[in-house]
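A short worksheet on the structure shown next.
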Amino acid sequence: MSNATNDTQEKSFLGLLLTAGCDSFPQALWRSLIAAVWFVFLTFPIMVIRVNTIEHTVVWHWQRMGYVAVGIFFGSFVWRWLLARKELKKDAASRESKAESLLTRIQNNPTSKYLLLALIALLAVAGPMKFSLFGSKLQLLNLYQTNIMISCLVYIVLGLGLNIVVGLAGLLDLGYVAFYGVGAYAYALCNMHWGVGFWAMLPVGAVLGALLGLLLGFPVLRLKGDYLAIVTLGFGEIIRLVLENWGDVTMGPSGISNIDRPALFGIKLGIIGSTHYMYYIMIGLLVLTIFCVNRLQNSRIGRAWLALREDEIACQAMGIDKVKTKLMAFALGATWAGMAGVVFAAKTTFINPASFTFWESAIILSIVVIGGMGSIRGVIAGAVILILVPEYLRDFAQFRMLLFGSIMVVVMVFRPQGLISAKRKLYTYQAKPAGAANE
Amino acid sequence: MEYFLELFFGGLTRGSIYALIALGYTMVYGIIELINFAHGEIYMIGAFTGLIVAGLLTMLGFPGISILAIALVCAVIWAAAYGYTVEKVAYKPLRGAPRLSPLISAIGMSIFLQNYVMLSQTSDFLPFPELVPKFGFMKHFGSMLSSSELVIVVATVLVCVGLTLFIKYTRLGKAMRATAQNRKMAMLVGINVDMVISATFIIGSSLAAVGGVLIASHIGQINYYIGFIAGIKAFTAAVLGGIGSLPGAMLGGLVLGLTEAYATGYVSSDYEDVFAFCLLVLILIFRPAGIMGKDKIQKV
């Protein structure tokens, strides 16, 4: 094995790219050719032909066939090369990637750790502010970017919340968006009818989320794996459909508009001021979330979740109350979604049921899985990638979702464990010298 | 009574389509334990291929029934090809990966395929020509049952019987059952598991394509988004019946279709999907493994 590894490593990058996964270059050429022909056949009716069944006309797009052929021909080399690379690394799967080991090294060294944290904090706080530096105006985030950052922060909080349910407790929840929606609607409705403010509703949203989490948790206690997934999905859809159809209360599909932005000590802020205020609120909420989730992870209940995830029967045999543990996971996960919902309603000032579809749940779940289940840093990385990348892809507006879907597939195929894998707290055992020799 | 029967046949039609799609879900789940979220998209692609082929043939002046036949065959061929390719690209490299990874890959594939069809075709609703001719003898049924509904129900019954026989008696069918029971053991006795998995995807996709073309011709319009809700409903049907079990998927589809039809007919049409999901939640609370599913005894 080591011989083979050395052989492949000796080859140049180009040579490896051209022959990866094949015996020789002609074979690789042949395989790419077959792939190109296959994809041309595959995409032929959908991409090339457009019929109009009313006017009975056909439009042919032959040039697209050429794009597919060329794209697949060269793409298949890269694909095989990446697959071969993944195979090579398999032996060293437990080894961390370069970025990860850098992070670990920084974390293990208190000076660099606090330096990095301080830098991140400084950047986060300074983000939307205007500076004059050396005579030139400097602003890290303009209003539009600040808004994007706020939604990114909301998704990080949602991801961290779902991470409790999916990553720690191992309960696949496809209806997480229901709690988010209920939090948003709770604030919107209370604000509309009784003029309740943002700060009063934030804890109410959290409690409401937790109660709803318990409500969902009870009936699904007996369900496992994918049965749980489909029931939670159904639950999410039920909530959305009720929001959509119960027009008397929720204003139906047209939604609720003119929701109050949060006021700073009773002062109503303008659009720029309130956006910045919202940004700092989200930063605060995120810090709180990270703190709580981090503490929860290593607490008694956090360890019980991990045990439940690994093996339900063994976990019960160890005397862990399964019912309580599962319900706690649902409730605590939903709490963050409820709060994020309140923030979302206050930020957009307009909500309708279309913001709470299954796709939202799917995206939050993707954040957790792509980032790395059970890992806080991973969830943050996942949210940054999945929320910011589509924003920066706005130049390719129409191809945005196409690229989004393919990124999800590609990341999963080449890094199934997520970008940053979770690390359990390690306690080093200081072995006696004699004992160490035996090992 | 006539209204009741009309709803019954409507529910039966809908249930048949759910059953056709649910079979694909259940077969894939039975073998690799993956919720194939892209399955609904394969159904949609089948319908689109059918539309394109039917449109071309109508212009070339083919007679009515042959258009249906050719459109169905083409839809099946291309849907099967898509199913096969999706498995090879998005799921095969993930064998042995953490359980949720293929699921995310499937969701990504589903988003990709939806947008691929939207960009190459259109995001508007496209009218779908009525491919099923009006049979003369259907006059007696009046508004209760249309000829396209009859074709859908008959086609579903035929497909289900054919599939059951296929799984039960052919070599490949046996290999599939063996792989579903225990993949490692199947490999040990010389079954080409990769081939079996590919075959499962091909068969499941073909069934979905048949359903797609027939229902599109019945409803009369399609767009790139139809696969999503149909996929979710069909998956609900598969779980309702007990995922992994073929008769369960058929039964689940019918139960779901009829429940929806009667609930919309007698209670309220706004809450159609709510009834479907409530039924699912209720059944799973009392029978956590679905109607026909077997409760697995967990051994330590």
Side-chain angles (χ1 to χ4, degrees), chain A residues 38-39 41-43 45-47 49-54 56-58 61 64 83 86 166 172 219-220 222-224 226-227 229-231 233-235 237-238 241-242 244-245 312-314 358-359 362 365-366 369-370 373 398-399 401-402 404-410 412-414 416-418, chain B residues 29 33 35 45 48-49 51-56 58-59 74 78 81-82 85 89-90 93-94 97-98 100-105 107-117 119-122 126-129 232 235-236 239 243 270-271 273-274 277-278 280-281 284-285 288-290 298 300:
Chain A
W38 172 253
F39 273 88
F41 162 74
L42 199 63
T43 53
I46 304 258
M47 279 185 84
I49 314 172
R50 254 196 79 180
V51 289
N52 187 326
T53 42
I54 300 172
H56 294 291
T57 51
V58 186
H61 297 281
R64 287 184 183 169
L83 273 184
K86 186 180 153 199
V166 179
L172 180 52
V220 301
R222 286 172 66 199
L223 300 178
K224 270 192 222 103
D226 299 287
Y227 290 95
I230 190 72
V231 170
L233 192 159
F235 177 76
E237 286 292 289
I238 289 174
L241 289 163
V242 168
E244 207 165 287
N245 290 313
E312 214 164 275
I313 291 179
F358 166 71
W359 287 122
L365 183 68
S366 314
V369 178
I370 286 182
M373 283 204 295
Q398 46 176 347
F399 297 105
M401 289 312 279
L402 194 77
F404 182 71
S406 24
I407 287 173
M408 275 166 79
V409 175
V410 168
M412 279 298 106
V413 167
F414 296 115
Q417 74 276 34
Chain B
Y29 188 89
E33 300 213 330
I35 309 176
I45 284 175
F48 261 94
T49 313
L51 172 75
I52 289 163
V53 172
L56 276 181
T58 323
M59 249 170 287
C74 287
W78 262 284
Y82 271 96
T85 313
V89 172
L94 282 171
L100 280 182
S101 305
L103 185 76
I104 300 300
S105 182
I107 292 175
M109 208 64 210
S110 167
I111 295 177
F112 177 84
L113 287 176
Q114 267 181 23
N115 286 278
Y116 155 71
V117 171
L119 290 170
S120 343
Q121 295 285 317
T122 169
L126 286 175
F128 200 99
I232 298 261
F235 182 57
T236 308
V239 175
I243 199 154
D270 290 342
Y271 287 96
D273 297 349
V274 176
F277 289 121
C278 285
L280 173 82
V281 172
L284 286 188
I285 289 171
Q298 204 180 347
V300 187

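Per chain, numbering begins at 1; letters A, B, ... match sequence-line order.
Among all heavy-atom pairs drawn from B:P93 and A:V413, the shortest one is CB-CG1, 3.6 Å. Taking every heavy atom of both residues into account, A:V231 and B:V281 meet most closely at CG1-CG2, 4.0 Å.
Going from atom CG of A:L172 over to atom CD1 of B:I35 covers 6.5 Å, rounded to the nearest 0.5 Å. Here the CD1 atom belonging to B:I111 is positioned 4.5 Å from the CE atom belonging to A:M408, to the nearest 0.5 angstrom. Separating the CD1 atom in A:I49 from the OG atom in B:S120 is a distance of 12.0 Å, to the nearest 0.5 Å.
Within the 4.5 angstrom heavy-atom criterion, atoms from both the backbone and the side chain of A:L42 approach chain B. The contact between B:I45 and chain A is made by backbone and side chain atoms together, counting heavy-atom distances below 4.5 Å. Residue contact with chain A, scored on non-hydrogen atoms closer than 4.5 Å, is absent for B:V53. For a residue to count as touching a neighbouring chain, one of its non-hydrogen atoms must lie under 4.5 Å from one of that chain's; by this rule A:F235 does not touch chain B. Using a 4.5 Å cut-off between heavy atoms, B:C278 touches chain A through backbone and side chain atoms alike. Only the side chain of A:L233 has a heavy atom closer than 4.5 Å to any heavy atom of chain B. Residue contact with chain B, scored on non-hydrogen atoms closer than 4.5 Å, involves the backbone and the side chain of A:F41 alike. Only the backbone of A:T57 comes within contact range of chain B, with heavy atoms under 4.5 Å apart. A:V220 does not touch chain B: none of its heavy atoms, backbone or side chain, sits under 4.5 Å away.
Contact count against chain A (heavy-atom pairs under 4.5 Å) is highest for B:T85 among B:L280, B:L126, B:T85, B:T122. Of the listed residues (B:S101, B:P129, B:A97), the one with the most heavy-atom contacts under 4.5 Å to chain A is B:S101. Of all the listed residues (B:L103, B:T58, B:L56), the one sharing the greatest number of non-hydrogen pairs under 4.5 Å with chain A is B:L56. When each of B:L113, B:V89, B:L119 is checked for heavy-atom pairs under 4.5 Å with chain A, B:L119 comes out on top. Of the listed residues B:F277, B:W78, B:Y116, the one with more heavy-atom pairs under 4.5 angstrom with chain A than any other is B:W78.
Taking B:F235 as the reference, B:Y25 meet the ring pair (Phe, Tyr, Trp, His ring centres under 6.0 Å) condition, with sequence neighbours excluded.
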